[in-house]
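Take a look at the structure set out below.
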Amino acid sequence: MSRIRHLISIDDLSKSDIEYLLDRADDFLDVARGKRRLRTLEGKILANLFFEPSTRTRMSFESAMKRLGGEVINLGTLEATSVAKGESLADTLRVVEQYADCIVLRHYREGSARFASQICDVPVINAGDGAGQHPTQTLLDLYTIRKEARLNNLKIALIGDLKYSRTVHSLIKALALFNAEIYLVSPETLRLPEEIMDVDVTFVECDLKEAIENADVLYVTRIQRERFPDEEEYRKVAGSYRLTAEMLENSDAIVMHPLPRVDEISYDVDGLKNAVYFRQAFYGVPVRMAILSEVMS
Ligand code: CP
């Protein structure tokens, strides 16, 4: 693949770059499971800068780095840093890059990761920028689809908050490379923005029942409460869709979710063979090992 220096958007990767990274993730599976040891990133330090909450992205990057022999430093809670004294993002980045070989950045402002890549000499990986992109989530989603279903000519239903979900926005761009047919299921006010539909993909707007009948993959998302300008607007759509075990009785579709979930997948789905969302969270480790190895090699 062409050398990647920063990973800011899924648009930065070609189809062959994506396939290369997914193949590399396969090589790291046993290391991610702790069955094989590797020290290829020994002596390297990763800085985790999270300006928004995270469990999976932050911890799976940390796990990936440590299982490859590297070290991790964390910004920690914002109140305990000089961000609380008014230090700008630019200054924070310029300082932190003095201490690390790579920066993983999650920030509430769309475009923040691109900005970071323009001012930092060390590689920057976008771990989510507002309602923008979340490219490492997309890679682990593609990896999950490849492992648990199939990537080419896929029928996938994107369900829930299609307006604000950055994982959906990134995933659609990638799926366009693999000839996917995409079913869109959402409340009226959370429909996919027009500009995200500007890709070479067949979109079908439908209801949840039709999606379950047709799709190979049901990709469910949480309503992104924190992105609503108005709490009242959130309350109007909260709880408006929920996937249950009963709905999946005659379905072989796999169920994915970037997590965290609120109430959009009933807990009785967890025990079904369809449910792959916890394995999906695990696949974040080998995929992020592949990315870290690439940008720090
Ligand atoms: N999927 C995801 O980005 O999860 P976190 O917000 O917990 O990192």
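Indexing begins at 1, ligand by ligand and atom by atom, following the structure's order.
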- Are the side chain of Asp129 and the backbone N or O of Gly111 linked by a donor-acceptor pair below 3.5 Å? yes
- Closest non-hydrogen atoms of Ile8 and Gln133, given as atom of the first, atom of the second and distance, are O-CB, 4.2 Å
- If you have a sec, work out which protein heavy atom is nearest atom 4 (O) of ligand 1 and how many Å separate them, to one decimal? Arg56 NE, 3.0 Å
- Task: Could you tell me whether Lys273 and Asp252 make a salt bridge, using a distance below 4.0 angstrom between a side-chain N and a carboxylate O?
- Result: yes
- For ligand 1, which atoms sit closer than 4.0 Å to a heavy atom of Thr55? 5 (P), 7 (O), 8 (O)
- Task: Check ligand 1 against Gln137 and write out every atom of the ligand that is under 4.0 Å from a heavy-atom position of the residue.
- Result: 1 (N), 2 (C), 3 (O)
- Message: Under a 4.0 angstrom heavy-atom cut-off, which atoms of ligand 1 come close to Thr57?
- Response: 2 (C), 3 (O), 4 (O), 5 (P), 8 (O)
- Name the option, out of Pro258, Ser60, Gly128, Ser54, that contains the heavy atom nearest to atom 8 (O) of ligand 1. Ser54
- For ligand 1, the portion of Leu259 having any non-hydrogen atom under 4.0 Å away: backbone
- Query: Is the shortest distance from a Lys or Arg side-chain nitrogen in Lys155 or Glu210 to a carboxylate oxygen in the other one below 4.0 Å?
  - Reply: no
- Query: Is a side-chain donor or acceptor of His6 paired with a backbone partner of Gln118 at a separation under 3.5 angstrom?
  - Reply: no
- Note on the structure: Within 4.0 Å of some non-hydrogen atom of His134, the atoms of ligand 1 are 3 (O)
- Query: Should Val168 and Leu192 count as side-chain neighbours, where that means a heavy-atom distance under 4.5 Å?
  - Reply: yes
- Mind checking whether Arg106 has a heavy atom under 4.0 Å from ligand 1? yes
